[in-house]
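One structure below.
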Amino acid sequence: MSDMGKLSLLSRRTLCVTGAQALVATGLIGPAVARGRNGAPAASAVVSALSDLCSAELVAGRADAAVTGVALIADPTLAALRQAVAAGCSLVLSPETPYYGRPADAAAAAGPFAALAESAAKALRESPALEAKRAFVDQHDLTIFRLTPSNASGKDASVEAVAARLGWTRYRVPGEHPVYRPPAMTLAALVQLAHARLGASGGLRFIGDPAMRLTSVLLVPGTSEVVSTIHGLAHADALLTGDMREWEVVEYVHDSAEAGYPKALVSTGRILSEQPFVERCALALSQAFSNLPRHSFLAADPFWRVQA
Amino acid sequence: MTPRELVDLIYRKAAEVGTPPSPVPSRRDTFKAGDPDAQITGIATTGMSTFRVLRRAAAEGRNFIITHEDTYFRDNDIPDFLADDPIYLAKKAFIERNKLIIWRDHDLAHRMRPDQLFAGQLRILGWTADKIEPAPRMPIVTLPEPMTLRALARYAAQRTGTHSHRVTGDPDMIVRKVAVGVGYAFPSLPSFPDVDAIVGGESAEGSAGTLPTMDQSAFAADMTTVGRPRGIVFLGHMGTEDAPMTLVAEWLRGFVPNIPIAFLPAGEPFHRPLSGFENTLPALRMPAAK
């Protein structure tokens with residue numbers, strides 16, 4: 001069982017831990033964090049403290065809103081937002097938007113699929129889920145920022161956070177691709193590590209011989225883009241990623257053994273691969289705002305599996 | 001007959017059954033490798049022209065491969081980013097050494113009425129699409145008997161033979177109506193308000209896409225939270241667009257009588273789950289709405 005097992009379960013998809021408890025439980029800090037609401041910072045000031053790690057996009061609310069508490073959520077479901085409000089949070093930070101996707105831009109709205117896009121957008125606007133979510137956000141005056149990991153400081157915070165979670169920080173190979181050389185392990189061991197450290201279970205998939213010996217792993221949290229990922233795989237035995245297209249990187253890795261150059265792939269699902277980045281942001285906020293209440297909502301695997 | 005002559009014949013036969021050539025030629029449905037003017041020795045249809053499929057086709061003397069998905073790891077099959085990649089070069093060399101010819105049948109198969117992939121997948125699932133006018137591109141199926149999402153997942157996995165499928169939603173929710181997807185053609189849950197579950201291939205995870213591409217899993221979770229439970233069974237791309245290419249092989253046999261034609265399965269690319277990961281029902285249900 002991973003260290004998530006120490007935390008209180010709030011929903012099938014989300015675990016919640018509070019302030020210092022969260023950071024201690026996830027091994028990010030040691031001592032307790034002081035709380036306080038005096039001199040509440042503005043939401044914009046809170047996200048500014050993360051500028052070395054990511055860019056921030058306002059999704060709901062006001063950037064100048066006073067922050068009573070911060071919820072860091074990898075998987076911003078309605079259930080998670082409810083728990084954030086119950087915990088007294090007015091600011092939600094997440095690598096995902098709670099509104100399921102990016103709004104279509106003007107070019108898409110005028111393109112060949114304009115009618116389809118408009119029809120789908122209308123259906124989403126009128127859906128009970130989106131209506132309930134927007135109403136909840138408005139009712140509780142939530143401010144929500146979407147965080148996109150960046151490498152403004154020359155390092156990808158999302159990659160480094162996953163590496164830290166795996167205990168691999170010191171194994172980074174210099175170069176443009178995020179390749180790590182941990183002690184050699186089998187593919188089966190990497191799959192088990194993805195389960196133990198990243199919480200993947202029902203969404204866990206892999207390609208390759210479980211007995212295959214791996215000495216280098218390319219880390220691509222989030223969704224693997226085909227060109228950069230294949231270029232990175234030239235320097236690694238395996239890819240550990242969140243999500244990928246099955247007619248791109250998946251076909252490439254599947255073909256590799258037949259080609260005589262076997263590679264492996266382990267996929268955890270996108271949300272779980274973003275969780276360490278969320279925790280990295282929680283750590284940065286604890287250092288910048290010692291008196292600001294924080295709550296980390298740890299995503300559980302949204303997928304399950306049952307065999308025929 | 002040459003591959004070029006056969007492809008011309010395929011387009012003529014498609015027109016005869018109500019699918020005239022597209023006014024804009026398909027960028028996908030082109031020859032990807034080989035000499036289109038060589039003589040065909042045998043035909044293989046497949047969901048994806050993987051290296052393994054190509055080896056089997058060559059071993060069986062089938063030099064013309066009709067694939068639904070790409071050969072060189074990207075939708076446009078342009079290998080300019082692969083340069084001296086050894087995996088790409090090995091696959092390309094094998095194709096050349098065995099004088100294989102590859103043609104992609106993606107857009108035409110989906111333009112056929114009925115869409116050959118959806119028709120094939122419905123047959124595999126043993127379902128009949130509801131009569132709806134106008135017919136939606138992605139079929140809606142009222143199940144013969146309501147079943148739980150857990151039972152639906154088990155049924156779909158059994159019918160398609162998948163082992164790396166994933167499911168999201170409450171396992172005990174009751175499913176009466178299903179929307180069927182194939183490959184990356186994935187029904188949008190908000191667009192079908194009376195559909196309980198999707199049985200599809202693959203869909204973008206997370207919310208990085210531009211609407212209407214969206215995080216369907218999160219949407220299903222939120223619908224469940226507001227008391228309208230929704231579920232999704234992801235069978236994978238090859239869990240939905242591989243075996244349906246048997247329909248294309250059957251269709252070809254109707255007007256190509258003297259050339260051996262076979263469906264060669266690409267199969268699931270993912271390994272069978274390790275012990276302990278075959279059955280991973282969620283430990284706890286969604287919390288009650290507050």
Side-chain angles (χ1 to χ4, degrees), chain A residues 9-13 75 77-79 82 96-97 100-104 108 116-117 119-121 123-124 127-129 132-133 188 191 201-208 210 223 226-227 230 234 243 246-248 250-252 254-256 258-261 269-271 302-308, chain B residues 48 50-52 55 69-70 73-75 81 85-87 90-91 150 153-154 157-158 163-168 171 188 190-191 202 205-215 217-219 221-223 225-226 228 236-237 269-271 273-274 277-282 284-287 290:
Chain A
L9 187 63
L10 290 178
S11 81
R12 188 181 56 75
R13 288 175 68 111
D75 190 14
T77 60
L78 179 56
R82 286 176 173 174
E96 303 291 343
T97 170
Y100 315 116
R102 297 182 184 282
L116 176 66
S119 168
L124 179 60
S127 70
K133 218 167 192 179
V191 171
S201 185
L204 194 53
R205 296 181 294 173
F206 71 98
I207 300 172
T223 300
V226 59
V227 174
I230 286 180
D243 180 32
E246 294 178 28
W247 65 91
E248 294 179 341
V250 166
E251 184 188 19
Y252 178 83
H254 185 241
D255 273 350
S256 65
E258 291 286 338
Y261 303 93
R270 178 182 166 98
I271 296 292
F303 301 110
W304 49 273
R305 180 179 293 131
V306 59
Q307 296 298 328
Chain B
M48 186 176 281
T50 64
F51 209 141
R52 192 173 297 168
R55 277 195 195 282
E69 288 301 347
D70 52 281
F73 324 125
R74 201 163 56 162
D75 189 42
F81 70 105
D85 182 282
I87 296 166
K91 191 172 188 179
R150 177 193 286 110
R154 190 176 283 126
Q158 185 268 324
H163 52 246
S164 63
H165 52 277
R166 300 169 298 159
V167 193
T168 194
S188 174
S191 297
E202 66 167 310
E205 290 181 32
S207 56
T210 299
L211 295 170
T213 298
M214 58 176 279
D215 189 341
S217 174
F219 182 83
D222 286 345
M223 287 292 285
T225 298
V226 300
R228 304 270 295 274
H237 210 110
F270 299 102
H271 196 279
L274 295 179
F277 295 96
E278 305 100 326
N279 294 286
T280 59
L281 287 174
L284 293 176
R285 302 276 299 277
M286 295 293 291
K290 291 183 177 176

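Order of the sequence lines sets the chain letters (A, B, ...), proteins ahead of strands, with each chain counted from 1.
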Closest non-hydrogen contact found for A/Tyr100 with A/Ala129 is OH-CB, 3.6 Å
Given a strict heavy-atom distance threshold of 4.5 Å, which part of [X] is in contact with chain A: side chain, backbone, both, or neither?
X	value
B/Met48	side chain
B/Glu69	side chain
B/Asp85	side chain
B/Arg228	side chain

State, with a plain yes or no, whether a side-chain heavy atom of [X] is found less than 4.5 Å away from one of [Y].
X	Y	value
A/Arg205	A/Phe303	no
A/Gln307	B/Pro273	yes
A/Phe206	B/Leu274	yes
A/Thr77	B/Thr225	no
B/Met214	A/Leu124	yes

Where the side chain of A/Glu246 meets the backbone of B/Glu202, is there a donor-acceptor pair that is under 3.5 Å apart?
-> no
Quick check: does any side chain N or O of B/Ser191 sit under 3.5 Å from a backbone N or O of A/Ala123, one acting as donor and the other as acceptor?
-> no
Who wins among A/Gly208, A/Ala121, A/Ser201, A/Gly260 for the most heavy-atom pairs under 4.5 Å with chain B?
-> A/Ser201
Among A/Arg305, A/Glu248, A/Lys133, A/Arg102, the residue with the most heavy-atom pairs under 4.5 Å to chain B is A/Arg305
Highest number of heavy-atom pairs under 4.5 Å with chain A: which of [options]?
options	answer
B/Lys91, B/Met223, B/Arg52	B/Arg52
B/Ala90, B/Ser188, B/Ser164, B/Ala153	B/Ser164
B/His165, B/Arg74, B/Gln158	B/His165
B/Phe219, B/Phe51, B/Phe73, B/Phe277	B/Phe73
B/Arg154, B/Arg150, B/Arg166, B/Arg55	B/Arg166

Measure A/Ala132 against the heavy atoms of chain B and call it side chain, backbone, both or neither at under 4.5 Å.
-> side chain
Examine whether an atom of A/Leu204 lies under 4.5 Å from a heavy atom of chain B, and if so say whether it belongs to the side chain, the backbone or both; otherwise answer neither.
-> side chain
Residues A/Glu258, B/Thr50; criterion side chain to side chain contact (heavy atoms under 4.5 Å, CB included); working and verdict | CA-CA 9 Å; A/Glu258 291 286 338; B/Thr50 64; over 6 Å; no
